[in-house]
Amino acid sequence: MSTAAYTVPELAPEPQAPERTVYLIASGDLRESANVAGWPTQVALERVLTDAFAANGWKVVRANEVDPATGHGFISSQRMGLDVFATIPPDAPLVVAEAVWQYSHHVLAGLRTHRGPVLTAANFAGDWPGLVGLLGLNAGMTKMGRDYSTVWTVDGTDSWFQDAVRSWVTTGTIEHDASHVHPLPALPASPEQQLGEALAAQLRREKAIIGVFDEGCMGMYNAIFDDELLNGLGIYKERLSQSALWAEMQRVSDAEADDVQRWLEDAGMTFRLGTDDATELTGAQLRWQHKMYVAALRIADDFGLDAVGIQYQQGLKDLSPASDLAEGLLNNVQRPPVRSRDGERVLWDGQAFPHFNEADEGVAVDALVTNRLWTAMGLDPATTLHDVRWGEEYDGQFVWVLEISGSVPASHLEGGYAGAEGWRQDPVFFPAGGSTINGVCRPGEIVWSRVYIADGVLQVDLGRASVVSLPAEETQRRKQATNPEWPIMHAVLHGVSRDQFMARHKANHLNVAYAPDAETADRALTAKAALFAGLGMPVHVCGETTLTR
Ligand SMILES: C[C@H](O)[C@@H](O)[C@@H](O)C(=O)CO
């Protein structure tokens, strides 16, 4: 035996889980300004949860104290997450309470190996994107195959929530109603089924490239699709750096940027301009955004991309105004023309160029196939993701607030470009400002969908919805209750209740695309389902559709 004196690490004994005690953590944003501003809402949610557990004779223990230096108790980095998890008894029941947008990787490492039951909980409220954070975290755990239960409540007084908490403390699980989810039946031959299959075969054979600027650095683990899964669809990634985008932006002239601005104004878009760069939208911010729009298309041209995704938040937010304006423009067929550097070609002239916001690769797959399918059907291919932000009943039906953090293609808005207003992004999230494409999405018929990873494979949920028109004061109330600078869609999902959707959905986002009427939307849904099935993906039809009637 060797006598060498190695330094063998000694592991501290694992902390033991106390009786009738649940530990609580909260994953936060990576931007301190957002953590500080969202903290009072988080405190209110934690009070609701503490009372709900107390009603069952259980104690809630916060795993980490509020940090006196920052004034909040969010876990605000992956390292902090590891340190906090080291103090939590591995077998203890654990609640992850989310009242804000959060970066999932702050807590996923700890959640991966935690042995006790995990419950994610959010306040069903609009003022902060806590529901968005909850859905993103749930999707991350789904991708990693980690079991969890999930619950939400407006104010803790509803019996549905109280029953769910009781179920969790007594059984470690909460059963949700998934009766709205149906496997795709065998599709009879139809022009839509044939088109979907042909487009799937084309994609698999000819292949496509999605350009990803700084994959994953918004903490959306669920939105990173491993190449092994993606490549099976015929889709390959071009990994790009946002520093290349910033560098390309320097090469776009002021005159080109001003052409974009003029085009938008001629199309009828208006801007709420001011002079204080820190809090208001300025012409200088718009110039950078237009340069980003031009630069993104030139890089897409350089690499022969079929879609592009700008992640925006970390890194780029400290250099440049927000990417949203560029993103919304790219996804619209009518958009300012952009020439190749030599001026010889108009890039993707007269076409939308699919953009997947926040570099969400589930959105990338969806946007790419939607663009091809809707174009082949002679429909407007403008598509976008939305955050699943909030919702409330109106006139006896549940109307979701779908609201992405900046922009939608103008053809989705009432009035198109003339209905689009550029507002400054909130400094809490976007220190360097930038314009949104704000407005109200027009009433009409849509197909909604989400591609996600579960059980180690890519899957898709899809269904039908109607975008409804609400009275102006109700629209304003909903905008004021959330982020009034962001575009809103009033969506009624067909045959899916609020709680069914929340329990089932595996992403903070969902994709939408319009059709001119219900019958065409039904046909587009059939073709889209056939396309995804043709790509070899399990297809889940949600709610009431012509496919499962
Ligand atoms: C600005 C916010 O952080 C948003 O980016 C966030 O709510 C999301 O959109 C998450 O999908």
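Order of appearance sets the numbers: ligands from 1, and atoms from 1 within every ligand.
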Peer 1: Among Asp387, Asn483, Val132, which one has a heavy atom closest to atom 6 (C) of ligand 1?
Peer 2: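 Result: the heavy atom closest to atom 6 (C) of ligand 1 is in Asp387.
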Peer 1: Compare all side-chain heavy atoms of Val100 with those of Trp39 and state whether any distance is below 4.5 angstrom.
Peer 2: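 Counting from C-beta outward, Val100 and Trp39 never come under 4.5 Å.
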Peer 1: Which atoms from ligand 1 have a heavy atom of Ser405 less than 4.0 Å away?
Peer 2: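 Taking each heavy atom of Ser405 in turn, ligand 1 has 4 (C), 5 (O), 9 (O) under 4.0 Å.
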Peer 1: Please verify the inter-ring angle class for His105 with Tyr103; under 30° counts as parallel, over 60° as perpendicular, anything in between as tilted.
Peer 2: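 Tilted, since the angle between the ring planes falls between 30° and 60°.
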Peer 1: What atoms of ligand 1 come closer than 4.0 angstrom to any heavy atom of Pro129?
Peer 2: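 Close to Pro129: 7 (O).
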Peer 1: Might you confirm whether atom CD of Gln250 has over 12 heavy atoms from other residues, nucleotides or ligands at distances under 6.0 Å?
Peer 2: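 Buried by this count: over 12 neighbours within 6.0 Å.
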Peer 1: Is the contact between His509 and ligand 1 made by the side chain, the backbone, both, or neither, using heavy atoms and a 4.0 Å cut-off?
Peer 2: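 Near ligand 1, His509 shows its side chain, while the N, CA, C and O stay back.
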Peer 1: At under 4.0 Å between heavy atoms, is it the side chain or the backbone of Arg31 that contacts ligand 1, or both, or neither?
Peer 2: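 Looking at Arg31 and ligand 1, just side chain atoms fall under 4.0 Å.
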Peer 1: Looking at ligand 1, does Arg389 have a heavy atom less than 4.0 Å from it?
Peer 2: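 Per 4.0 Å heavy-atom rule, Arg389 does not contact ligand 1.
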Peer 1: Any side-chain hydrogen bond (donor to acceptor under 3.5 Å, both in side chains) involving residues 435-444? Give me the pairs, sequence neighbours left out, ordered by first then second residue.
Peer 2: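 Checked against side-chain hydrogen bond (donor to acceptor under 3.5 Å, both in side chains) - neighbours excluded - the pairs reaching residues 435-444 are Asn438-Lys479.
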Peer 1: Is it the case that ligand 1 has an N or O less than 3.5 angstrom from some N or O of Trp486?
Peer 2: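 Between Trp486 and ligand 1 (N or O atoms, distance only) the closest approach is not under 3.5 Å.
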Peer 1: State whether Glu474 and Arg478 are salt-bridged, where the test is any N-O pair (Lys NZ or Arg NE/NH1/NH2 against Asp/Glu carboxylate O) under 4.0 Å.
Peer 2: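 Looking at Arg478 together with Glu474, the answer is yes, because their closest N to O distance falls below 4.0 Å.
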Peer 1: Does Arg450 come within less than 4.0 Å of Asp360, counting only side-chain N to carboxylate O?
Peer 2: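 Salt bridge: yes.
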Peer 1: My understanding is that only one of Trp152, Trp448, Phe124 makes a ring-ring contact (aromatic ring centres under 6.0 Å, His included) with Phe501; could you say which?
Peer 2: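 Considering Trp152, Trp448, Phe124, a ring-ring contact (aromatic ring centres under 6.0 Å, His included) with Phe501 is found only for Trp448.
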Peer 1: Is the shortest N/O to N/O distance between Asp29 and ligand 1 below 3.5 Å?
Peer 2: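 For ligand 1, there is no N or O atom that lies under 3.5 Å from one belonging to Asp29.
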Peer 1: Using a 4.0 Å cutoff against the non-hydrogen atoms of Gln313, which atoms of ligand 1 qualify?
Peer 2: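 Per the distance check, 1 (C), 2 (C), 3 (O), 4 (C), 5 (O).
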